[in-house]
Amino acid sequence: MQSIAKVLSGDSLGQPVGVHGWIYRTRSSGGIVFVVVRDSTGIIQTTMRKGVVSDAEFELASSAGIESAVEVEGTLAEDKRAPGGLEIRASKFSLVAPSEPFPITEYQSTELLLDQRHLWIRSREQTAVTRIKAAMLRGGREWFQENDYVEVTPPMITGVAPEDSTTLFQIKYFDRIAYLSQSAQFYLESLIYSCERVWALTPSFRAEKSRTPRHLAEYWHLEMEAAWIDNDGNMKVQEELVTAMIGRAAVDCPAELKLLGRDAADLGRIAPPFDRMSYEEAMASLQKSGFDTSWGSDLGAVEERALTKERDTPLFVVNYPKELKPFYMKENPDDHRTYKNSDLLAPEGYGEIIGGSERETDNSLLVDRLREIGESLDNYQWYLDLRKYGSVPHSGFGLGLERMVTWVCKLEHIRDATPFPRTVARVYP
RNA sequence: GCCGUCGUAGCUCAGUAGGUAGAGCGUCCGCCUGUUAAGCGGAAGGUCAACGGUUCGAGCCCGUUCGACGGCGCCA
């Protein structure tokens with residue numbers, strides 16, 4: 001047996017080949033049956049003729065339904081009438097396992113596809129997304145390895161909750177309460193004092209009742225933290241990493257990208273340095289476009305879309321007002337109203353995929369800010385400890401993997417960037 | 001949390017003025033030796049989301065509940 005991709009390469013033209021997979025489509029016309037077979041690498045038409053295969057095999061082939069598991073052996077032939085120009089003229093057909101009528105047909109609704117997700121992930125589109133996502137992760141892992149980052153394994157169960165813990169999933173943890181992690185950042189920050197440069201890929205959980213095309217309740221969070229680098233260095237890491245991830249997908253998955261309407265060549269234009277714009281400049285630009293917004297307003301979905309819609313490469317927005325961002329960021333010495341931070345916005349209107357910053361290194365400043373926002377210091381004691389024993393400048397960021405996949409794969413909704421999306425309305429299948 | 005749309009056959013949908021429930025696809029049976037999500041003929045298939053109300057009569061009008069989807073906010 002060979003992969004369908006291998007057979008489609010045409011190397012075996014005129015020679016015996018065999019494939020196994022699942023029936024993608026069947027059509028029959030009297031004494032001939034067309035069975036289009038799908039495997040993980042592609043689809044190919046096979047033809048069964050009465051008299052060439054046995055009557056029993058012919059009967060099986062003509063009655064087998066979509067998604068039946070089959071094996072076909074025959075001769076590879078060129079034929080203009082075949083989709084793709086190549087077909088296997090079968091000498092042998094066997095049914096590995098029949099399929100009941102497949103619930104997903106040519107007529108589909110969003111609801112059906114989500115209810116039948118365990119079956120819909122067999123689709124060519126979902127398969128392409130899965131492979132592209134894997135390639136992006138491969139590219140990221142390669143980049144981290146080449147740049148001396150240590151992959152670490154932070155916990156996903158935490159005992160600490162901020163005062164406003166409404167966005168945390170609570171779990172029963174033996175005889176007390178614990179929470180599912182929203183971010184591994186504090187754990188990564190702890191690890192830089194030994195490994196200096198660390199990264200982790202973990203699930204993050206958000207109990208926000210968000211109902212948008214860019215939110216999941218569970219998503220894969222790619223986070224990095226490094227000692228001795230400031231926010232400019234942090235942004236350089238981000239643009240190089242993003243470029244490496246996209247580059248790997250473009251090289252390894254051009255066909256999958258094309259299937260999704262994304263030209264791999266266009267992705268090749270994405271290279272450091274990415275454009276940079278301050279929050280203040282972003283505000284001015286939005287006001288010029290007629291937005292009723294001013295200093296202190298956050299960039300919402302509409303604003304991010306406006307800023308990135310006409311772009312085909314990512315955009316950094318830097319130096320947000322402090323009140324819009326969390327307490328652990330480092331104040332901008334050039335403008336005390338803002339932090340040394342950045343959000344990376346994906347182009348084409350997709351919006352934020354990374355949030356990052358230089359971290360505050362001064363223990364007393366952190367304590368002040370925590371008091372200001374009414375947080376109990378007890379919950380942060382171990383985090384504050386990190387500033388007591390050789391505090392060093394450091395920076396880091398978190399990348400929402402599915403958000404990046406949504407952009408790279410030109411998806412309309414983030415739930416298609418993961419095989420089994422978890423949203424406020426769905427935990428099945 | 002807020003705003004909006006929709007629940008009718010396995011799937012996608014139509015259902016006019018309130019008067020005995022329809023189509024295409026799928027399934028099953030038959031025909032067809034080059035189909036491209038093939039074509040032709042036939043058959044089976046329904047608690048119209050649930051509950052309550054109005055009416056001689058409700059898929060349709062009113063109310064409540066449940067579910068799903070679209071968008072905003074929050075965020076990656």
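Residue numbers begin at 1 in each chain, while the letters A, B, ... track the order of the sequences.
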_For nucleotides 71-76 of chain B, give me one character per nucleotide, 5' to 3': B if any protein heavy atom sits under 4.0 Å from the base, S if the only such contacts are to the sugar-phosphate, - if neither._
BBBBBB
*Sequence neighbours left out, what passes side chain to side chain contact (heavy atoms under 4.5 Å, CB included) with A:P98? Give chain and number order.*
A:L95
*Side chains of A:N332 and A:T338: donor-acceptor distance under 3.5 Å anywhere?*
yes
*Within this structure, what is the CZ-to-P distance between A:F34 and B:rA37, rounded to whole angstrom?*
13 Å
*Distance between C1' atoms of B:rC62 and B:rG71 (Å, rounded)*: 29 Å
_Between A:E87 and A:T46: side-chain donor-acceptor atoms closer than 3.5 Å_ = no
*Crowding at NZ, A:K92 (>12 non-hydrogen neighbours, <6.0 Å)*: no
_Could you tell me how far B:rA58 sits from B:rC48 if I compare only their P atoms? Round to whole Å._
12 Å
*Atom CG of A:L112 and atom C1' of B:rA9: how far apart are they, to the nearest Å?*
15 Å
*Do the ring centers of A:Y428 and A:F420 come within less than 6.0 Å of each other?*
no
*Take the protein atom NZ of A:K80 and the nucleotide atom P of B:rG34, then report the distance between them rounded to whole Å.*
17 Å
_Base versus backbone protein contacts along nucleotides 42-49 of chain B [heavy-atom cut-off under 4.0 Å; B, S, -]_ = --------
_I'd like to know if A:Q116 reaches the base of B:rG10 with its side chain, counting only an N/O donor and acceptor under 3.5 Å._
no
*asked:* Would you say that A:R359 contacts A:K330 through its side chain, given a criterion of any heavy-atom pair below 4.5 Å between the two side chains?
replied: no
*With rounding to whole Å, what would you report as the distance between B:rC40 and B:rG26 at their P atoms?*
11 Å
Could you pull out the protein-nucleic contacts involving nucleotides 25-33 of chain B (nitrogen or oxygen on both sides, under 3.5 Å)?
{"residue": "B:rC25", "atom": "O2'", "partner": "A:E106", "partner atom": "OE2", "Å": "2.9"}
{"residue": "B:rC32", "atom": "N3", "partner": "A:G30", "partner atom": "N", "Å": "3.3"}
{"residue": "B:rU33", "atom": "O4'", "partner": "A:S29", "partner atom": "O", "Å": "3.2"}
{"residue": "B:rU33", "atom": "O4'", "partner": "A:G31", "partner atom": "N", "Å": "3.3"}
{"residue": "B:rU33", "atom": "O2", "partner": "A:R49", "partner atom": "NH1", "Å": "2.8"}

*asked:* What is the distance, to the nearest angstrom, from the CG atom on A:L86 to the C1' atom on B:rU35?
replied: 17 Å
*Does A:R426 place a side-chain N or O at less than 4.0 Å from the phosphate oxygens OP1/OP2 of B:rG67?*
no
*asked:* Please give the distance between the P atoms of B:rG59 and B:rG1 as a whole number of Å.
replied: 34 Å
_P gap between B:rA23 and B:rG45, integer Å_ = 14 Å
Give every donor-acceptor pair under 3.5 Å between a side-chain atom in residues 285-294 of chain A and any protein atom, sequence neighbours left out.
{"residue": "A:Q287", "atom": "NE2", "partner": "A:T293", "partner atom": "O", "Å": "2.7"}
{"residue": "A:S289", "atom": "OG", "partner": "A:S285", "partner atom": "O", "Å": "2.9"}

*Is A:R337 salt-bridged to A:E280, cutoff N-O under 4.0 Å?*
yes
*Any salt bridge (Lys or Arg N to Asp or Glu O under 4.0 Å) involving residues 7-32 of chain A? Give me the pairs, sequence neighbours left out, ordered by first then second residue.*
A:K6-A:D11
*Which whole number of Å gives the distance between the P atom of B:rC28 and that of B:rU35?*
23 Å
*Restricting to pairs with a member in residues 43-62 of chain A, which pass ring pair (Phe, Tyr, Trp, His ring centres under 6.0 Å), not counting sequence neighbours?*
none
*Just grab all the salt bridge (Lys or Arg N to Asp or Glu O under 4.0 Å) pairs involving residues 36-50 of chain A, residues at least two apart or on different chains.*
A:R38-A:E67
*Mind running a 4.0 Å heavy-atom check of residues 237-250 of chain A against RNA chain B and sending the residues that fall below it, in number order?*
none
_I'd like to check the side-chain hydrogen bond (donor to acceptor under 3.5 Å, both in side chains) partners of A:E57; sequence neighbours left out, ordered by chain and number._
A:S54
*Rounded P spacing from B:rC2 to B:rC60 in Å*: 28 Å
_A:R426: side-chain hydrogen bond (donor to acceptor under 3.5 Å, both in side chains) partners, not counting sequence neighbours_ = A:D115
*asked:* Using atom C1' in both nucleotides, what's the gap between B:rU27 and B:rC11 to the nearest angstrom?
replied: 12 Å
*Any side-chain donor paired with an acceptor under 3.5 Å for A:Y383 and A:E189?*
yes
*Under 3.5 Å, is there a donor-acceptor pair between the side chain of A:R276 and the main chain of A:F316?*
no
_Considering every strand and a 4.0 Å limit on heavy-atom distances, what is the contact class for A:A425: base, sugar-phosphate, or nothing?_
sugar-phosphate
*Regarding A:R206 and A:Y219, is there a side-chain donor-to-acceptor distance under 3.5 Å anywhere?*
yes
_Secondary structure of RNA chain B in dot-bracket form (Watson-Crick or G-U wobble, distances below 3.5 Å, | marking inter-strand pairs)_ = (((((((..((((.....[..)))).(((((.......))))).....(((((..]....))))))))))))....
*State, without any angle test, whether A:Y320 and A:D343 hold a side-chain donor-acceptor pair at a distance under 3.5 Å.*
yes
